[in-house]
Amino acid sequence: MLPLRSSDPDSAAARIDELVDAGLAAAGVPPAAPADDATFLRRSFLDLTGTLPTAAEARAFLADRSPDKRARLVDELLARPEFADWWAMRWADILRVKAEFPIRLWPNGAQAYHRWIREAIAGDLPFDQFARRL
């Protein structure tokens with residue numbers, strides 16, 4: 001099992017760990033045990049791309065013994081076009097980007113809106129700027 005915590009106490013990941021720990025403590029929720037590699041792999045693919053890993057990807061990840069393999073997997077998934085596709089679809093659902101009732105956008109307006117969302121995600125537009133530009 002690989003550690004999920006950042007070894008650098010000054011890193012952004014360590015700060016996120018602190019915030020999550022504080023939120024869990026405030027809610028009285030104990031932290032979950034770390035996921036095993038197979039579970040981490042499946043959840044990472046589904047959460048970030050909406051897909052499952054291929055058998056070859058799963059075998060390669062499970063055979064990898066490097067301590068940074070989870071971070072590398074996340075970075076690789078974030079760089080895939082499937083990440084932008086999946087999250088553009090999810091944001092379009094949240095923002096109700098559709099060309100039918102009750103929103104009634106023209107079809108090419110809905111397509112342009114969806115395309116803008118996908119390009120913003122693929123271009124790594126920070127969420128504060130994403131929200132302002134909406």
Side-chain angles (χ1 to χ4, degrees):
M1 183 93 50
L2 297 171
L4 294 178
R5 300 264 173 207
S6 172
S7 58
D8 176 5
D10 295 325
S11 71
R15 178 67 179 133
I16 291 170
D17 289 343
E18 287 175 22
L19 295 169
V20 169
D21 290 344
L24 290 173
V29 176
D36 60 56
D37 282 344
T39 302
F40 181 86
L41 175 69
R42 182 180 54 80
R43 288 179 181 170
S44 296
F45 264 83
L46 287 172
D47 289 347
L48 296 175
T49 68
T51 65
L52 290 170
T54 65
E57 289 169 327
R59 279 192 294 274
F61 181 81
L62 296 173
D64 187 346
R65 296 290 168 228
S66 40
D68 66 338
K69 74 179 186 177
R70 291 182 178 204
R72 282 187 294 112
L73 173 68
V74 170
D75 288 342
E76 290 167 13
L77 294 176
L78 292 173
R80 287 186 178 195
E82 295 95 328
F83 171 76
D85 293 340
W86 175 244
W87 282 94
M89 181 183 71
R90 295 191 68 177
W91 273 107
D93 285 347
I94 291 166
L95 297 170
R96 300 179 57 111
V97 177
K98 57 185 182 176
E100 62 232 14
F101 184 80
I103 303 302
R104 289 282 193 204
L105 286 177
W106 286 99
N108 36 349
Q111 290 169 357
Y113 196 6
H114 182 272
R115 188 171 39 257
W116 178 86
I117 293 168
R118 190 194 180 287
E119 289 170 2
I121 292 167
D124 202 20
L125 183 67
F127 281 124
D128 63 330
Q129 292 177 34
F130 180 81
R132 282 187 194 98
R133 292 179 188 180
L134 283 173

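Predicted, not measured: the structure shown is a model, and the values here were computed from it.
- Listed by chain and residue number, nothing satisfies the side chain to side chain donor-acceptor pair (under 3.5 Å) test with Asp93 (two or more places apart in sequence, or in another chain).
- Side chains of Phe45 and Leu73 form a contact here, defined as non-hydrogen atoms less than 4.5 Å apart.
- Scanning for side chain to side chain donor-acceptor pair (under 3.5 Å) contacts around Ser44 gives an empty result, with sequence neighbours left out.
- Residue Glu76 holds its CD atom at 12.0 Å from OG1 of Thr49, rounded to the nearest 0.5 Å.
- Considering only residues two or more places apart in sequence or on other chains, Ala55 meets the side chain to side chain contact (heavy atoms under 4.5 Å, CB included) condition with Arg59.
- Listed by chain and number, the residues in a salt bridge (charged side-chain N to carboxylate O under 4.0 Å, His left out) with Arg80 are Glu57 (sequence neighbours excluded).
- Heavy atoms only, all atoms of each residue included: Val74 and Phe40 are closest at CG2-CZ, 4.1 Å.
- Summarising the geometry, atom CG belonging to Leu78 is positioned 5.0 Å from atom CZ belonging to Phe83; distances are rounded to the nearest 0.5 Å.
- The shortest heavy-atom contact between Leu134 and Tyr113 is CD2-OH, 3.7 Å.
- Note that CG of Asp128 is 9.5 Å distant from CZ of Arg133, once rounded to the nearest 0.5 Å.
- In terms of heavy atoms, Arg70 sits closest to Phe61 at CG-CZ, 4.0 Å.
- Here the shortest heavy-atom pairing between Val97 and His114 reads CG1-N, 4.2 Å.
- Under the rule for a ring pair (Phe, Tyr, Trp, His ring centres under 6.0 Å), the partners of Trp91 that lie at least two apart in sequence or sit in another chain are Phe130.
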Worked verdict on Ile121 versus Ile117 for side chain to side chain contact (heavy atoms under 4.5 Å, CB included)
CA-CA 6 Å; Ile121 292 167; Ile117 293 168; 3.9 Å; yes
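- We find the CD1-CE distance between Ile94 and Met89 to be 10.5 Å, quoted to the nearest 0.5 Å.
- Applying the side chain to side chain donor-acceptor pair (under 3.5 Å) criterion to Asp47, with sequence neighbours excluded, gives no partner residue.
- Contact between Pro81 and Arg118 at its shortest, heavy atoms only, is O-NH2, 3.4 Å.
- The two residues Thr39 and Asp36 make their nearest non-hydrogen contact at N-OD1, 2.8 Å.
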